[in-house]
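Since we're looking at a predicted model, the values are computed, not measured. Chain naming here is simple, since letters A, B, ... match the order of the sequence lines and numbering starts at 1 in each.
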Amino acid sequence: MEMTRRDLFALAAGLAAVGLINVPADASTDELQAAIEKFAGGTPKTGGVEITAPEIAENGNTVPIEVDAPGAASILVLAAGNPRPGVATFHFSKMSAESRGATRIRLAKTQEVVAVAKMADGSTTMARREIKVTIGGCGG
Amino acid sequence: MSKIKPRVKVPRKAKAGEAVTIKTLISHPMESGQRKDKKTGDLIPRKIINKFVASYNGETVFSADLEPAVAANPYIQFSVKLSEPGTMRFEWTDDDGSTYDVEKKIKVA
Amino acid sequence: MKRFIALCAVGLLTLSVSDAVADEDAELVMDGQKFVTKLKAPEGSPFDEIISGWRFRNAETQALQTDDFENPAMIFAQYGEDLWEEVDGAAGKSCADCHGDASESMKGLRAVMPKWHEGKKTLMTLEDHINWSREEHMKAKPWKWESQEMLAMTAYISLQSRGMPVAVKTDGPAAEWHAKGKELYYQRVGQLDIACAHCHENNFGNMIRADHLSQGQMNGFPTYRLKWQGMGSIHRRFSGCMKNIRATPYKRGSDEFTALELYLASRGNGLSVEAPSLRN
């Protein structure tokens with residue numbers, strides 16, 4: 001039987017479904033949950049953190065984001081749809097004017113960015129925000 | 001390997017207690033460890049800046065733990081309020097242990 | 001049949017532009033200086049208006065370019081500034097030893113590149129000029145086209161023309177190159193059998209897959225591309241485009257790419273040099 005490209009794709013999809021070949025997947029919900037729980041020591045309440053980011057990223061390789069949580073001692077940033085959820089953790093001090101930090105991140109595809117803020121007393125809050133990432137562009 | 005250069009934007013003067021925005025950049029490829037060598041097919045090993053610390057007169061004012069999901073040439077911005085003149089020190093740490101640092105004096109009145 | 005398929009492929013890929021994607025009416029102003037990012041095209045131009053690639057980027061990307069600290073390209077220009085002062089080569093000289101203050105000696109140079117070189121009797125890009133000086137005067141090894149050093153130096157030199165209008169010469173000995181470049185621009189290549197013109201002339205403003213198609217102007221190069229997470233040269237961009245249409249790309253520094261660069265630059269005469277710019 002002559003193997004056409006269509007046959008090959010179908011075979012690959014089938015093998016991937018059965019787990020026989022490794023297709024890069026996004027961070028499992030378990031991994032994301034584990035990262036949140038490790039930082040928060042429990043389930044954070046919703047609110048208290050603001051995520052500023054573009055609605056549609058110009059390019060997933062460099063996405064500007066800012067996180068702000070008044071009064072927080074630290075903020076954990078996670079990417080729910082990346083191969084690994086960890087992005088960055090910002091730590092503030094008495095000399096911080098605001099509990100706010102900005103950076104530029106890599107997003108593998110459209111996904112939610114999660115920010116978990118931890119107060120000095122250990123309590124935590126959380127926010128999620130979807131950022132659309134277009135795949136495929138031109139110019140090498 | 002590109003030359004790794006840090007850069008910071010810090011005001012030379014600031015009013016005591018007033019919020020001051022600090023911007024930092026360092027040219028670093030942030031090799032994630034997920035890319036494959038096109039010729040050999042081997043994974044290119046991870047090599048990133050994994051930590052950034054800003055301290056003022058020896059005391060840490062802000063720090064960040066970074067993962068491979070931070071984009072190349074990492075940009076980090078934060079704000080401080082200072083009460084006395086002094087020197088702000090910025091230090092970036094590479095996975096391989098090397099560190100890069102910049103110091104800037106700030107007149108606070 | 002091949003052409004029909006190729007046309008269908010391009011047709012399927014074009015969608016309409018949405019407002020959320022780019023702020024095409026934005027004006028580029030830096031430190032009070034207004035940049036020309038759009039102007040009426042000269043006689044004979046295939047465009048009604050010539051438009052800088054800056055206008056096709058989203059608001060966040062456009063804003064990043066306006067701040068010399070926020071723009072990641074500037075850290076490479078700074079490396080170029082360091083290299084300018086660095087002694088290199090057997091002659092024991094730095095660029096500064098002959099060229100002094102770059103803001104004076106290099107002013108306007110980027111705006112007229114690529115240009116005819118009387119010494120070598122050929123058309124040369126900025127990279128060619130840099131390497132010629134390195135080899136001839138510094139007795140130093142030439143830099144690879146896409147090396148960090150070459151990108152940094154082209155960024156630094158280009159910066160000295162920032163805000164000036166692109167003004168390449170296409171007459172005299174450059175005329176032959178200009179004609180060759182034009183021929184290449186309209187020539188179909190690759191498995192997709194399309195030419196530069198099909199996207200950048202016929203479809204600028206439309207979306208191709210995830211990209212908001214620009215007119216393919218040169219005024220922003222060398223540029224920091226968010227996609228590359230780094231700086232890249234004009235010839236890298238040409239190469240990438242050719243690979244996307246499944247054509248074998250010409251080499252960096254080849255006569256073909258040099259001619260194409262001249263032709264493209266001439267199509268943008270009048271736009272302000274924005275290099276080192278920020279693009280997608």
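The minimum heavy-atom distance between Arg106(A) and Pro29(B), with the atom names listed, is NH2-O, 3.2 Å. Across all their heavy atoms, Ser79(B) and Glu98(A) have their closest contact at OG-N, 3.4 Å. The shortest non-hydrogen separation linking Lys94(A) to Lys81(B) is O-NZ, 3.6 Å. Minimum heavy-atom separation, Ala71(B) to Asn61(A): CB-O, 3.4 Å. Nearest heavy-atom pair across Gly86(A) and Ala69(B) is O-CB, 3.6 Å.
Proximity to chain A is limited to the side chain of Gln34(B), based on heavy atoms less than 4.5 angstrom apart. Both the backbone and the side chain of Arg104(A) have a heavy atom closer than 4.5 Å to some heavy atom of chain B. With a 4.5 angstrom heavy-atom cutoff, Leu66(B) touches chain A via backbone and side-chain atoms both. With a 4.5 Å cut-off on non-hydrogen atoms, Thr60(B) touches chain A through its backbone but not through its side chain. Within the 4.5 angstrom heavy-atom criterion, atoms from both the backbone and the side chain of Tyr56(B) approach chain A. Contact annotation for Ser83(B): neither backbone nor side-chain heavy atoms come within less than 4.5 Å of a heavy atom of chain A. Interface remark: Ala54(B) contributes no atoms to any contact with chain A (heavy atom separation under 4.5 Å).
With hydrogens and angles ignored, the 3.5 Å screen pairs a side-chain donor or acceptor of Thr103(A) with a backbone N or O of Tyr75(B).
Within 6.0 Å of NZ in Lys104(B) there are 12 or fewer heavy atoms belonging to other residues, nucleotides or ligands.
In terms of heavy-atom pairs under 4.5 Å with chain B, the best-connected choice from Ser99(A), Ser74(A), Ser96(A) is Ser96(A). The choice from Ala108(A), Gly101(A), Pro64(A), Ala102(A) that makes the most heavy-atom pairs within less than 4.5 Å of chain B is Ala102(A). When each of Gly17(B), Pro74(B), Ala64(B) is checked for heavy-atom pairs under 4.5 Å with chain A, Ala64(B) comes out on top.
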task: Take Phe78(B) and Phe90(A), measure what ring-ring contact (aromatic ring centres under 6.0 Å, His included) needs, and give me the verdict at the end.
output: CA-CA 9 Å; Phe78(B) 57 98; Phe90(A) 295 137; 9.2 Å; no
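How far CZ of Arg84(A) is from CD of Glu67(B): 10.0 Å, rounded to the nearest 0.5 Å.
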